[in-house]
Amino acid sequence: MKQVAYTLSKTLFYIYSTLYLFVMIFSILSYFEYKYGVQIPFVEVVENRPKINVPLLGLRINVPLNYSILIMWSVMSYYAIYFYAFMEFLKVFVEKNMFEAKSLERLRLFLILNVTPLAYIFMLLISGEAFRLEDDHFIVLAHLVIAFLIYLYLDALKKGRSIQEENDLTI
């Protein structure tokens, strides 16, 4: 079962990375079609708004031509790193020896990535917006729950590592 979870996370990472690269490249190319009228495959301009048509998935992604595209790129980059860290997190369970320093580093990275969205909540509070449990706020809270569970597991793994080191020193 552990191997299945790891394989699924690996597949998810590669699918997301492919989608991420496709959107990044074609959102840049959509600017050229919008600005210069160059015909780019998978890109169309409708009512002065470029749209990317993702093949096989049937997605139509609106490409903002202002600072919002930087937010879109940064969020997509964050989740590309996040899915990679998730894959590495599940790799800990598949490996022969769990109590290694490398495993602890993988878990720390995944913990940090799950705590990072908390900055979004702080930005909302600083800007004076009301906190509501809607789409984007719920995702942040889900990340915090995952971070809490990862923290507990990381603590157990640290204790297991110290016990293993003591056991290795015992003659």
Side-chain angles (χ1 to χ4, degrees), residues 1-27 52 54 56-59 61-62 64 67-170:
M1 190 66 175
K2 295 182 281 187
Q3 185 66 37
V4 170
Y6 174 66
T7 304
L8 286 175
S9 70
K10 200 174 189 178
T11 305
L12 178 67
F13 169 69
Y14 287 123
I15 289 171
Y16 182 81
S17 296
T18 304
L19 178 67
Y20 167 67
L21 288 174
F22 182 85
V23 169
M24 288 290 286
I25 291 168
F26 282 96
S27 63
I52 300 172
V54 181
L56 301 174
L57 297 178
L59 293 174
I61 301 172
N62 292 328
Y67 70 91
S68 298
I69 197 163
L70 298 176
I71 294 170
M72 181 179 90
W73 287 346
S74 62
V75 169
M76 288 189 78
S77 299
Y78 168 79
Y79 278 105
I81 295 167
Y82 182 83
F83 286 130
Y84 175 77
F86 181 62
M87 179 182 68
E88 289 294 311
F89 166 70
L90 291 179
K91 190 176 187 180
V92 170
F93 296 106
V94 176
E95 291 180 339
K96 185 176 181 181
N97 191 357
M98 289 178 63
F99 304 111
E100 294 180 351
K102 189 174 184 179
S103 298
L104 291 172
E105 290 303 316
R106 289 175 182 160
L107 291 175
R108 281 190 196 107
L109 173 64
F110 195 54
L111 177 67
I112 290 168
L113 287 173
N114 276 296
V115 173
T116 303
L118 191 59
Y120 177 71
I121 296 293
F122 288 130
M123 287 175 21
L124 286 178
L125 293 175
I126 290 172
S127 68
E129 285 189 38
F131 181 77
R132 299 173 314 273
L133 283 177
E134 292 180 358
D135 298 334
D136 48 354
H137 301 119
F138 181 76
I139 291 172
V140 173
L141 292 178
H143 277 289
L144 289 179
V145 169
I146 292 169
F148 177 72
L149 294 173
I150 298 299
Y151 175 76
L152 293 176
Y153 184 72
L154 184 62
D155 188 48
L157 199 64
K158 284 180 187 178
K159 290 176 183 173
R161 182 167 185 239
S162 67
I163 290 171
Q164 182 180 4
E165 286 175 354
E166 288 176 15
N167 191 26
D168 290 344
L169 295 175
T170 305

Exercise for the section: Give, for atom OH of Tyr20 and atom CH2 of Trp73, the distance between the pair rounded to the nearest 0.5 Å. Expected result: 9.5 Å
Handout entry: Pairwise side-chain contact, Pro117 with Tyr78, heavy-atom cut-off 4.5 Å (strictly under)
Key = yes
Handout entry: Phe13 vs Phe86 side-chain heavy atoms within contact, under 4.5 Å
Key = no
Handout entry: Ser9 side, atom OG; Tyr14 side, atom OH - distance, nearest 0.5 Å
Key = 10.0 Å
Fill in the blank from the handout: Taken to the nearest 0.5 Å, the spacing of Met76 CE from Ile71 CD1 works out to 14.5 Å
Exercise for the section: Let me see the working for Tyr79 and His143 under ring pair (Phe, Tyr, Trp, His ring centres under 6.0 Å), right down to the final yes or no. Expected result: CA-CA 12 Å; Tyr79 278 105; His143 277 289; 5.8 Å; yes
Handout entry: Rounded distance [0.5 Å steps], OG in Ser74 versus CD1 in Ile69
Key = 11.0 Å
Exercise for the section: Look up atom CD1 in Ile112 and atom OH in Tyr82, then write down how far apart they are to the nearest 0.5 Å. Expected result: 13.5 Å
Pairs under 3.5 angstrom only: tabulate donor-acceptor contacts from the side chains of residues 144-164 to other protein residues two or more places apart or in another chain.
unit_1	atom_1	unit_2	atom_2	d
Asp155	OD2	Lys159	NZ	3.3
Ser162	OG	Lys159	O	2.8

Problem - Cationic N near anionic O, under 4.0 Å, Arg108 to Glu105 - result: yes
Practice task
Identify, with sequence neighbours excluded, every residue that meets side-chain hydrogen bond (donor to acceptor under 3.5 Å, both in side chains) alongside Lys2.
Solution key: none
With a cut-off of 3.5 Å and sequence neighbours excluded, list every side-chain donor-acceptor pair involving residues 88-95.
unit_1	atom_1	unit_2	atom_2	d
Glu88	OE1	Arg106	NE	3.0
Glu95	OE1	Arg106	NH1	3.2
Glu95	OE2	Arg106	NH1	2.9
Glu95	OE2	Arg106	NH2	3.2

Exercise for the section: Measure the OG-CD1 distance between Ser17 and Ile81 for me, rounded to the nearest 0.5 Å. Expected result: 10.5 Å
Practice task
Determine whether Ile52 and Phe22 make a side-chain contact, defined as any pair of heavy atoms from C-beta on separated by less than 4.5 Å.
Solution key: yes
